[in-house]
**Student:** 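Okay, here's the structure, questions in a sec.
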Number of protein chains: 2
Amino acid sequence: MLQTGSAATTREAIHSAATRLFQQRGFARTTVRQIAAEADTDPALVIRHFKSKELLFLETMHLTIDDEPLLDVPLERLGERLVELLVGLDGSARGIFLALVRGSNEPQIQERLQATHEQVLVRPLRGRISGPDSDVRARLAAALAAGLLHTLWVARDEALLRTDRAELISRYGALLQAVLTPTDT
Amino acid sequence: MLQTGSAATTREAIHSAATRLFQQRGFARTTVRQIAAEADTDPALVIRHFKSKELLFLETMHLTIDDEPLLDVPLERLGERLVELLVGLDGSARGIFLALVRGSNEPQIQERLQATHEQVLVRPLRGRISGPDSDVRARLAAALAAGLLHTLWVARDEALLRTDRAELISRYGALLQAVLTPTDT
DNA sequence: AACTTCGGTCAACTATGTTGACTCGGCTGT
DNA sequence: ACAGCCGAGTCAACATAGTTGACCGAAGTT
């Protein structure tokens, strides 16, 4: 609104408004005009700064996890630890995950989701296991992990949502463990 | 276009055009005007017949699987058989699944996805297993199954997509089997 | 024959992403 | 110091979207 703007300030206001709105309402249900209003500026400025709504989305929706918890746990508890990590994720991570999944109609958002799956799930897991087929095993484990998020957050299996955290961690963790460190043949 | 319309004919034309377009391009990227053009009619008629784009979507996007293959297989092969079924699904099922997932920003579409998850995955699995915790086990197995679809279709793990079908069926099937018929410890 | 009904057409409304013309304040080069 | 430029902001407008309401014309009913 004020001409006094350091461009960076306005840009930051837009960035943080967009972050909040995209996380809460997703890509489709967030409008450029909402973002502008929230950042107390003009819709045209939003586009000026970020080229397009989609690029703004990509600039704000980065999903990462702190994978240290995966490193300092013994290999035999890796499965449990990952599930523990996943079900303990905060609303922000959930919002970004959902926004990416639901926005993946757009090719660039799909690419981001693909890369995120790789970086957040596949890579950390592959880094901790060994063996000739460690890549496939890491990917299968990542699929399990993604299945948990999909079921809890996207499909919203009410019964699983009500299930005791500890039980979920123990049972689903055991399944993950079976791919990560297969016992016999 | 033709004034001679039996309403049912036009409605059917719209229905089938919408089915194809929603499957191919998803909810957001399909416009009412496209559907109308495809059905050789007027956008206003599309709305007249189905009240709204979203209701038309819900009317057309029904995902079911033939679960007979799950019934006639011995219990010990249920996991493998389900994976076989899933990776063998045709483009139509894939299109509907993706459309539901990506459309799940809309509350009603989310509900449909939730119900579909329940009916297509949880229910058939729970029907075949027994035990006090068969419900949880069915839901965990459904999560695994959904994880496979999510990873192949939504996240598009290229490496897994290139993986040999038989190997995928055997390995992921074994994981599923571990929830369905736990070998106890 | 007049009226009603029903399928269809058309124009318009609102909302959305995006663009371009314009304003204005401060800085720069001379 | 002043003319000119530049960068930030404002505004109106465009194209496209879903949706609505007024109208039209044929066909059946009374």
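Just so we're on the same page: letters track the sequence lines, and every chain starts at 1.
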**Student:** When the distance from CZ of B:Arg48 to P of C:dG8 is rounded to whole Å, what number comes out?
**Tutor:** 9 Å

**Student:** Send over the distance from A:Asn105 CG to D:dA17 P, rounded to a whole Å.
**Tutor:** 15 Å

**Student:** Return the 5'-most residue of the pair B:His49, B:Arg33 with respect to DNA chain C, ranking by each residue's nearest nucleotide.
**Tutor:** B:His49

**Student:** Could you tell me how far apart A:Ile47 (CD1) and C:dA21 (P) are, to the nearest whole angstrom?
**Tutor:** 18 Å

**Student:** Between C:dT19, D:dG18, D:dA22, which nucleotide has the shortest distance from any of its atoms to the side chain of B:Thr31?
**Tutor:** D:dG18

**Student:** Keeping to residues at least two apart or across chains, list the side-chain hydrogen bond (donor to acceptor under 3.5 Å, both in side chains) pairs with something in residues 132-155 of chain B.
**Tutor:** A:His150-B:His150, A:Asp157-B:Arg139, A:Arg171-B:Asp133, B:Glu118-B:Arg139, B:Arg126-B:Asp135, B:Asp133-B:Arg137, B:Asp135-B:Arg139

**Student:** How long is the line joining CD of B:Gln34 and P of D:dT16, in whole Å?
**Tutor:** 12 Å

**Student:** From CD1 of B:Ile14 over to P of C:dG7, roughly how many Å is that when rounded to an integer?
**Tutor:** 12 Å

**Student:** In whole angstroms, how far is the P atom of C:dG7 from the CG atom of B:Leu45?
**Tutor:** 9 Å

**Student:** Can a salt bridge be assigned to the pair B:Arg29 and A:Glu106 using a cut-off of 4.0 Å between side-chain N and carboxylate O?
**Tutor:** yes

**Student:** Identify, residue by residue, the members of residues 50-61 of chain B with a heavy atom below 4.0 Å from DNA chain D, and return them in order of residue number, or none.
**Tutor:** B:Ser52, B:Lys53

**Student:** Nearest of D:dG21, C:dT16, C:dA21 to any side-chain atom of B:Ala44?
**Tutor:** D:dG21

**Student:** Does a side-chain heavy-atom distance below 4.5 Å link B:Leu89 with B:Phe97?
**Tutor:** no

**Student:** What is the distance, to the nearest angstrom, from the CZ atom on B:Arg29 to the P atom on C:dG17?
**Tutor:** 15 Å

**Student:** Tell me the interatomic distance from A:Arg11, atom CZ, to D:dG7, atom P, rounded to whole angstroms.
**Tutor:** 15 Å

**Student:** Does any donor atom in the side chain of B:Ser16 or B:Glu12 lie under 3.5 Å from an acceptor atom in the other side chain?
**Tutor:** no

**Student:** Can you identify which nucleotide, out of C:dC10, D:dA8, C:dG7, has its nearest atom closest to the B:Asp42 side chain?
**Tutor:** C:dC10

**Student:** What closest approach, in Å, do A:Ala141 and A:Leu176 show between heavy atoms, and which atom pair accounts for it?
**Tutor:** O-CD2, 3.4 Å

**Student:** Are the charged groups of A:Asp72 and A:Arg81 less than 4.0 angstrom apart, N to O?
**Tutor:** yes

**Student:** Checking contacts here: which listed nucleotide (C:dT9, C:dT18, D:dA8) is nearest the side-chain heavy atoms of B:Thr41?
**Tutor:** C:dT9

**Student:** May I have the list of side-chain donor-acceptor pairs in residues 48-55 of chain B shorter than 3.5 Å, sequence neighbours left out?
**Tutor:**
| unit_1 | atom_1 | unit_2 | atom_2 | d |
| --- | --- | --- | --- | --- |
| B:Ser52 | OG | B:Glu54 | N | 3.4 |
| B:Ser52 | OG | B:Leu55 | N | 3.1 |
| B:Lys53 | NZ | B:Phe27 | O | 3.0 |
| B:Lys53 | NZ | B:Thr30 | O | 2.8 |

